[in-house]
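Everything below concerns the one structure shown next.
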Amino acid sequence: MDCIFCKIISGEKKGRKIYEDELVYAFEDINPQAPVHILLVPKKHIPTLLDLKEKDKELMGHLYMIANRLAKERGVADRGFRTLINCNPESGQTVYHIHLHLLGGRMMHWPPG
């Protein structure tokens with residue numbers, strides 16, 4: 001498999017790891033769009049949100065619980081932060097392994113882009 005996120009999770013490629021457990025690997029985005037920009041990636045390879053199965057509900061809930069924890073640890077929880085998952089090309093998805101962006105540390109605008 002030629003997935004950059006799978007390679008980061010396996011240690012084949014370098015990533016600035018922030019958190020890891022049996023289900024999730026989190027690391028700093030190499031092209032940050034905010035002072036805090038963390039990618040939370042399920043260790044299970046799932047290309048897009050459209051590929052989620054019923055059995056992945058707990059995994060996705062866990063992803064958001066870890067995002068909450070990291071937002072608190074990074075000091076952006078009380079001021080506010082944004083989470084997002086892109087799906088397919090028009091959303092801006094460039095790596096086809098679902099990942100949750102955690103952004104904070106600056107004012108977010110709406111609409112986002």
Side-chain angles (χ1 to χ4, degrees):
M1 184 177 296
D2 196 32
C3 171
I4 186 71
F5 289 170
C6 287
K7 290 178 180 178
I8 290 170
I9 292 165
S10 74
E12 185 180 336
K13 293 273 186 189
K14 194 140 177 83
R16 294 184 306 247
K17 181 171 76 168
I18 294 171
Y19 175 87
E20 181 177 15
D21 65 23
E22 66 281 354
L23 300 174
V24 174
Y25 190 96
F27 56 96
E28 305 234 2
D29 194 296
I30 61 168
N31 185 25
Q33 301 300 305
V36 173
H37 190 167
I38 300 169
L39 299 180
L40 294 95
V41 183
K43 287 185 173 180
K44 176 182 178 182
H45 182 86
I46 304 169
T48 74
L49 281 173
L50 296 170
D51 297 301
L52 287 170
K53 306 292 184 221
E54 186 73 21
K55 64 184 176 187
D56 297 318
K57 287 191 301 190
E58 285 186 37
L59 171 62
M60 296 307 291
H62 183 67
L63 207 63
Y64 278 93
M65 295 307 297
I66 299 305
N68 285 345
R69 176 179 165 178
L70 294 176
K72 291 173 187 169
E73 288 177 5
R74 291 296 174 107
V76 297
D78 290 338
R79 291 176 28 219
F81 62 96
R82 178 173 288 166
T83 60
L84 68 100
I85 298 176
N86 296 317
C87 183
N88 282 328
E90 285 191 13
S91 75
Q93 185 176 8
T94 57
V95 176
Y96 284 82
H97 183 136
I98 61 170
H99 51 287
L100 177 71
H101 294 259
L102 168 62
L103 300 125
R106 69 167 174 83
M107 180 60 76
M108 300 289 159
H109 301 284
W110 196 261

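Since we're looking at a predicted model, the values are computed, not measured.
- Nearest approach of H37 to N31, heavy atoms of both residues: ND1-O, 4.0 Å.
- Closest of all the heavy-atom pairs between V24 and K43 is O-CE, 3.9 Å.
- Among L70, V36, N68, the one residue that satisfies the side chain to side chain contact (heavy atoms under 4.5 Å, CB included) test with F81 is N68.
- M65 CE: 12 or fewer foreign heavy atoms inside a 6.0 Å radius.
- Residue pairs meeting the side-chain hydrogen bond (donor to acceptor under 3.5 Å, both in side chains) criterion with at least one partner in residues 46-63, sequence neighbours excluded, are D21-H62, K44-D56, T48-D51, E54-K57.
- With contacts defined as side-chain heavy-atom distances shorter than 4.5 Å, the pair I46/L59 qualifies.
- I66 is connected to I38 through a chain of hydrophobic side-chain contacts under 4.5 Å among Ile, Leu, Val, Met, Phe, Trp and Tyr, so both are in one cluster.
- When all heavy atoms of Q93 and C87 are compared, the pair lying nearest together is OE1-CA, 3.3 Å.
- What you find for T83 and L100 is that their closest heavy atoms are CB-CD1, 3.7 Å.
- Taking the six-membered ring for Trp and the full ring otherwise, H99 and H97 have centroids separated by 6.0 Å or more.
- Under a 3.5 Å cut-off, the side chain of R82 and the backbone N or O of H101 do not form any donor-acceptor pair.
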Begin with the C-alpha distance, continue with both residues' side-chain angles, and end with the deciding distance and a verdict on side-chain contact (heavy atoms from CB on, under 4.5 Å) for L50 and N88. CA-CA 9 Å; L50 296 170; N88 282 328; 3.5 Å; yes

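- Classified by interplanar angle (parallel below 30°, tilted 30° to 60°, perpendicular above 60°), the ring pair F5/F27 is perpendicular.
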Validation: residues 9-16 side-chain donor-acceptor distances under 3.5 Å, sequence neighbours left out:
from	atom 1	to	atom 2	distance (Å)
S10	OG	C6	O	3.3
S10	OG	K7	O	3.1
S10	OG	E12	N	3.3
R16	NH2	D29	O	3.3

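- Each of I8 and I18 belongs to its own hydrophobic cluster when Ile, Leu, Val, Met, Phe, Trp and Tyr are linked at side-chain heavy-atom distances under 4.5 angstrom.
- Between the CD atom of Q33 and the CG atom of L84 there is a distance of 10.5 Å, given to the nearest 0.5 Å.
- I98 and P42 make their closest contact through O-CD, 3.2 Å (heavy atoms, listed as atom of the first residue, atom of the second, distance).
- A distance of 5.0 Å separates CE in M108 from CG in L103, rounded to the nearest 0.5 Å.
- When all heavy atoms of A71 and L102 are compared, the closest pair comes out as N-CD2, 3.9 Å.
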Please test Y19 against E73 for side-chain contact (heavy atoms from CB on, under 4.5 Å), starting from the C-alpha separation and ending with a verdict. CA-CA 11 Å; Y19 175 87; E73 288 177 5; over 6 Å; no

